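Just so it is clear, the model here is predicted, and its values are computed rather than measured.
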Amino acid sequence: MLRGYYTAASGMLAQQRRQESLSNNIANAQTPGYKQDQATLKAFPELLLQRMESKDVPTSRGMNLPMQTQIGSINTGVYVQETVPDFAQGDLQETGIPTDVALINGTMPDEDGGLFFTLQNEAGEERMTRNGNFTVDGDGFLVANQGYYVLDQAGNPIQTNGMEYTVTDEGNLQFNGQEIPLGISYTANTNDLIKEGQGLYRMEDDADPAVNARAMAGVSFTVQQSYLEGSNVDSLQSMTDMMGAYRMFETNQKVLKAYDTSMEKAVNEIGRVR
């Protein structure tokens, strides 16, 4: 009976974590470049139950042989294995702000490949993002909304000198006779990315580093100025999934309550000494 407690409790915890993930998605439905998280559920390993007993053999010595009878398997519940970002393209939103840029996926040679803008954080480390909500700081550098430098294809911060610029479809900044290509990185497997928050990603330590998207055969993309890529969260579907997770949580809660009632009767009524 105690196994039922653990199974129902694990189901409640799994649905709670799924609810938290869906709530976070809905909260970021209007965040540019946000990629929704999808919680993956996995069952705990099944256990094989066997009945252990002994049997007396009718011999002159009265031998007693141990025996095992297979009863069957039992599942011990479910848990959230991981939350995986969905890197599907979000809808384009026109802002009319010239420092805003949207990265539009073209062709990619890998099924799980992904394209990203390249940033440099305060520690000098590279980070990737799909949020093109850029601006120009007081020193004339192009920066992301976290204050991180936007890098060019050579890995250097982009200095605009405070001048107005245009962005071509190929992702090149043009101003004062100069042309600076935005740093666009490509990774063959987006599952190797670690989500850091604020729309930032980094590669796992043992993963292959992201490469120059322009130098990668079979990769194409377009950059649109004065547009932002919106979140790819489907608010209606997320609300429906939240209701489903809530119902599943309630179901497991009722099962847990039923087990608790049974245990109460076993202790207070069946086991009562008369």
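- Looking at Leu41 and Gln81, their side chains never come closer than 4.5 Å, going by heavy atoms from C-beta outward.
- Electrostatic pairing of Glu229 and Lys35 counts as a salt bridge here, judged by a charged N lying under 4.0 Å from a carboxylate O.
- Scanning both residues, Pro109 and Gly218, for their nearest heavy atoms gives CD-O, 3.6 Å.
- Taking all atoms of both residues into account, the shortest heavy-atom contact from Gln159 to Ile180 is O-CD1, 4.4 Å.
- Scored by the salt bridge (Lys or Arg N to Asp or Glu O under 4.0 Å) test, Glu264 finds no partners at all (sequence neighbours excluded).
- Each of Gln120, Glu122, Glu126 was compared with Tyr148 under the side chain to side chain donor-acceptor pair (under 3.5 Å) criterion, and only Glu122 meets it.
- For the side chain to side chain contact (heavy atoms under 4.5 Å, CB included) test with Phe87, the passing option among Thr190, Asp112, Asn105, Asn191 is Thr190; the others fail.
- By the 4.5 Å heavy-atom criterion applied to side chains, Asp37 and Pro85 are counted as neighbours.
- Here the side chains of Gln253 and Met12 are in contact, with some heavy-atom distance below 4.5 Å.
- Contact check for Phe221 versus Leu103: side-chain heavy atoms found under the 4.5 Å cut-off.
- Side chain of Asp137 to main chain of Val143: no donor-acceptor pair is present (N/O by atom type, distance under 3.5 Å, no hydrogens or angles).
- Annotation: side chain of Asp86 is in contact with side chain of Asn232 (closest heavy-atom distance under 4.5 Å).
- Checked against the 6.0 Å centroid criterion, the rings of Phe117 and Phe134 qualify as a close aromatic pair.
- Checked for salt-bridge contact, Glu125 and Arg202 miss the test: no charged N lies under 4.0 Å from a carboxylate O.
- Partner of Leu228 under the side chain to side chain contact (heavy atoms under 4.5 Å, CB included) criterion, out of Val101, Asn133, Thr31, Asp91: Asn133 alone.
- Between Leu142 and Leu182, some side-chain heavy-atom pair lies under the 4.5 Å cut-off.
- Taking the side chain as every heavy atom from C-beta outward, Asn161 and Asn176 never approach each other to under 4.5 Å.
- One finds no salt bridge joining Glu20 and Arg18 here, because no Lys/Arg side-chain nitrogen approaches an Asp/Glu carboxylate oxygen to under 4.0 Å.
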